[in-house]
Amino acid sequence: MLDPKLIRNELDYVAAQLARRGFKLDVAAISTLEDQRKAIQVETQQLQNERNKSSKAIGQAKAKGEDVQPLLDAVANLGGKLKAGEERLEQIQNQLNEILLGIPNIPQADVPDGRDENSNVEVRRWGEPPRFDFTVKDHVDLGDGLGYLNFDTAVKITGSRFSVMSGPVARLHRALAQFMLDTHTREHGYTEVYVPYAVNSDSLLGTGQLPKFEADLFKLNTDPAYYLIPTAEVPVTNIVRDTIQNAEDLPLRFVCHTPCFRSEAGSYGKDTRGMIRQHQFDKVELVQIVKPQDSLDALEQLTGHAERILQLLELPYRTVTLCTGDMGFSAAKTYDLEVWLPGQNKYREISSCSNFGDFQARRLKARWRESETAKPQLVHTLNGSGLAVGRTLVAVMENYQQAGGAIAIPKVLQPYMGELTIIE
RNA sequence: GGAGAGGUGCCUGAGUGGCCGAAGGGGCUUGACUCGAAAUCAAGUGUGGAGCUUGCUCCACCGAGGGUUCGAAUCCCUCCCUCUCCGCCA
């Protein structure tokens with residue numbers, strides 16, 4: 001959520017910034033509602049003040065044993081007016097709030113303008129796409145040939161967009177997650193956390209998935225409703241919801257391995273083959289809670305932590321800055337990491353690292369205090385995939401494939417595979 | 001799932017209709033004392049919001065949401081959470 005005061009005082013500026021990412025702010029509606037809000041709030045608070053004073057007077061008169069009937073008569077019709085005012089105020093504040101919750105974050109100044117992914121800017125490349133002296137297979141054919149990756153069985157068990165792995169491929173998948181967790185905890189200073197895979201609506205509101213993107217979520221039939229997490233970002237970032245952190249405890253760095261569940265509504269034609277776009281996939285997520293002045297550096301650092309995994313796995317990738325039109329709802333700036341997939345002969349997203357500024361923190365009421373006596377202020381939140389495990393498995397299979405359809409094991413994973421060097 | 005007890009500020013703990021944004025104690029901050037520390041003494045110490053003459057005034061918040069009342073932390077209803085016991089269970 002943007003700062004309501006900023007919207008109130010700099011409405012045109014906010015509208016211009018949001019226009020950069022293709023969001024049309026309804027300036028007229030907001031300023032009309034804002035005028036109404038102001039008038040009614042002042043009026044209502046005045047009535048409340050009147051009521052409080054009268055009630056106090058009645059109490060005092062009663063204590064002295066005086067006749068309170070005249071005082072009661074005087075406030076007789078105050079109640080109705082007050083109630084009407086409070087109801088109107090609540091109604092208008094709800095309307096304003098609904099609009100506010102639907103407004104995306106303002107892009108950082110250095111984010112390139114653009115409508116869609118075509119305007120994303122490549123900032124660096126690492127590694128060389130491998131050359132093969134045979135016809136390359138994609139991970140579906142490789143998995144099929146080996147017999148360790150199966151989509152038909154998953155369709156029987158559940159439906160489309162799920163997968164079944166077995167044997168060494170299942171182990172490789174597990175090894176990847178272990179390797180990522182170990183690297184981030186041992187080398188990058190993250191604290192491993194284990195969290196619920198189902199969350200309540202407050203948590204989703206806090207990180208920005210609700211109210212706008214309910215269609216992308218799996219909703220459980222509980223009362224109140226729980227939702228399967230679409231990313232560990234939700235439970236992990238919500239660790240600091242409704243808290244005030246001490247300055248010396250920041251930054252907080254969490255790493256978390258969870259399954260992620262996405263209904264992928266509205267992407268029916270996309271990536272229907274293979275493991276690229278699934279309803280269920282594993283991800284190792286990095287989350288940082290930092291002081292506002294540190295968030296720009298933290299994004300560079302966090303992106304580097306995610307890149308490090310690709311480098312250690314020796315997977316070629318490139319880093320792109322998302323343009324204003326391609327960024328997620330809550331992000332102020334996002335780097336995507338795109339790994340080389342020989343099966344598709346192109347780079348595909350494997351990680352997304354974002355700085356959210358105080359956008360999530362305001363929804364989360366996540367704050368910190370400079371010193372004992374200082375006022376609490378909002379933290380900044382960041383997160384990034386470090387990495388998407390399923391897509392990393394795809395990348396390893398396709399980049400490490402051998403002539404006969406076997407798959408070599410990256411060196412850093414061999415300790416996790418009982419020193420196995422090849423899957424065949 | 002069944003039975004019972006509870007949810008108050010950073011912590012502890014009082015408050016059962018008005019003088020309560022909330023006693024007392026602890027903690028913390030500042031000052032005094034001290035060579036310094038401890039002890040002692042004094043003062044201060046929640047969050048969010050609104051308005052304007054930016055320093056003041058006002059509003060809201062005692063798990064959440066409703067209700068009763070001129071007035072609710074206090075009474076009523078619903079929900080959530082915690083604890084104890086029983087049942088079931090990885």
S.K.: Would you please confirm or rule out a distance under 4.0 Å between OP1 or OP2 of rG51(B) and any side-chain N or O of R37(A)?
M.R.: yes

S.K.: Does N52(A) have a side-chain nitrogen or oxygen under 4.0 Å from the phosphate oxygens OP1 or OP2 of rC58(B)?
M.R.: no

S.K.: Does a side-chain heavy-atom distance below 4.5 Å link L364(A) with T237(A)?
M.R.: yes

S.K.: Counting just side-chain N and O atoms, does R369(A) come under 4.0 Å of either OP1 or OP2 of rU29(B)?
M.R.: no

S.K.: Rounded to the nearest Å, what distance is computed from the OH atom of residue Y197(A) to the P atom of nucleotide rA90(B)?
M.R.: 20 Å

S.K.: Under 3.5 Å, is there a donor-acceptor pair between the D73(A) and Q69(A) side chains?
M.R.: yes

S.K.: Below 3.5 Å is the cut-off: list the nitrogen or oxygen pairs between protein and nucleotides 15-19 of chain B, distance only.
M.R.:
| residue | atom | partner | partner atom | Å |
| --- | --- | --- | --- | --- |
| rG18(B) | O6 | K62(A) | NZ | 2.9 |
| rG18(B) | N2 | S55(A) | O | 2.8 |

S.K.: Main chain of I92(A), side chain of R37(A): is a donor-acceptor contact present, judged purely on distance under 3.5 Å?
M.R.: no

S.K.: Quick one: L78(A) CG to rG71(B) P, roughly how many Å, whole number?
M.R.: 9 Å

S.K.: Does the gap between the ring centers of F23(A) and F329(A) come in under 6.0 Å?
M.R.: no

S.K.: Whole-Å distance between rG51(B) P and E43(A) CD?
M.R.: 15 Å

S.K.: Can you find a side-chain donor-acceptor pair between E214(A) and Y227(A) that sits under 3.5 Å?
M.R.: yes

S.K.: Do E424(A) and Q402(A) get their side chains close enough for a donor-acceptor pair, meaning under 3.5 Å?
M.R.: no

S.K.: Nearest to the P376(A) side chain among rG51(B), rU47(B), rC80(B), which nucleotide is it?
M.R.: rU47(B)

S.K.: What nucleic acid atoms does K5(A) come within less than 4.0 Å of, heavy atoms only: base, sugar-phosphate, or nothing?
M.R.: sugar-phosphate

S.K.: Please verify the inter-ring angle class for H188(A) with H305(A); under 30° counts as parallel, over 60° as perpendicular, anything in between as tilted.
M.R.: parallel

S.K.: Quick one: is rC58(B) close enough that its OP1 or OP2 comes under 4.0 Å of any side-chain N or O from R51(A)?
M.R.: no

S.K.: If I pick the P atom on rG17(B) and the same atom on rC75(B), what distance separates them, to the nearest angstrom?
M.R.: 8 Å

S.K.: For RNA chain B, report each stem as range with range, ordered by first number, or say none. Use Watson-Crick or G-U wobble pairs under 3.5 Å, at least 3 in a row.
M.R.: B:1-7 with B:80-86, B:10-12 with B:24-26, B:27-32 with B:40-45, B:46-52 with B:55-61, B:63-67 with B:75-79

S.K.: Of D336(A), T321(A), T334(A), D326(A), which meets side-chain hydrogen bond (donor to acceptor under 3.5 Å, both in side chains) against N120(A)?
M.R.: D326(A)

S.K.: Report the residue (L72(A) or R8(A)) whose heavy-atom-nearest nucleotide on RNA chain B is the more 5′ of the two.
M.R.: R8(A)

S.K.: Does the side chain of H380(A) come within less than 4.5 Å of D294(A)'s, by heavy atoms?
M.R.: no

S.K.: Given rC58(B), is OP1 or OP2 found less than 4.0 Å from the side-chain N or O atoms of N49(A)?
M.R.: no

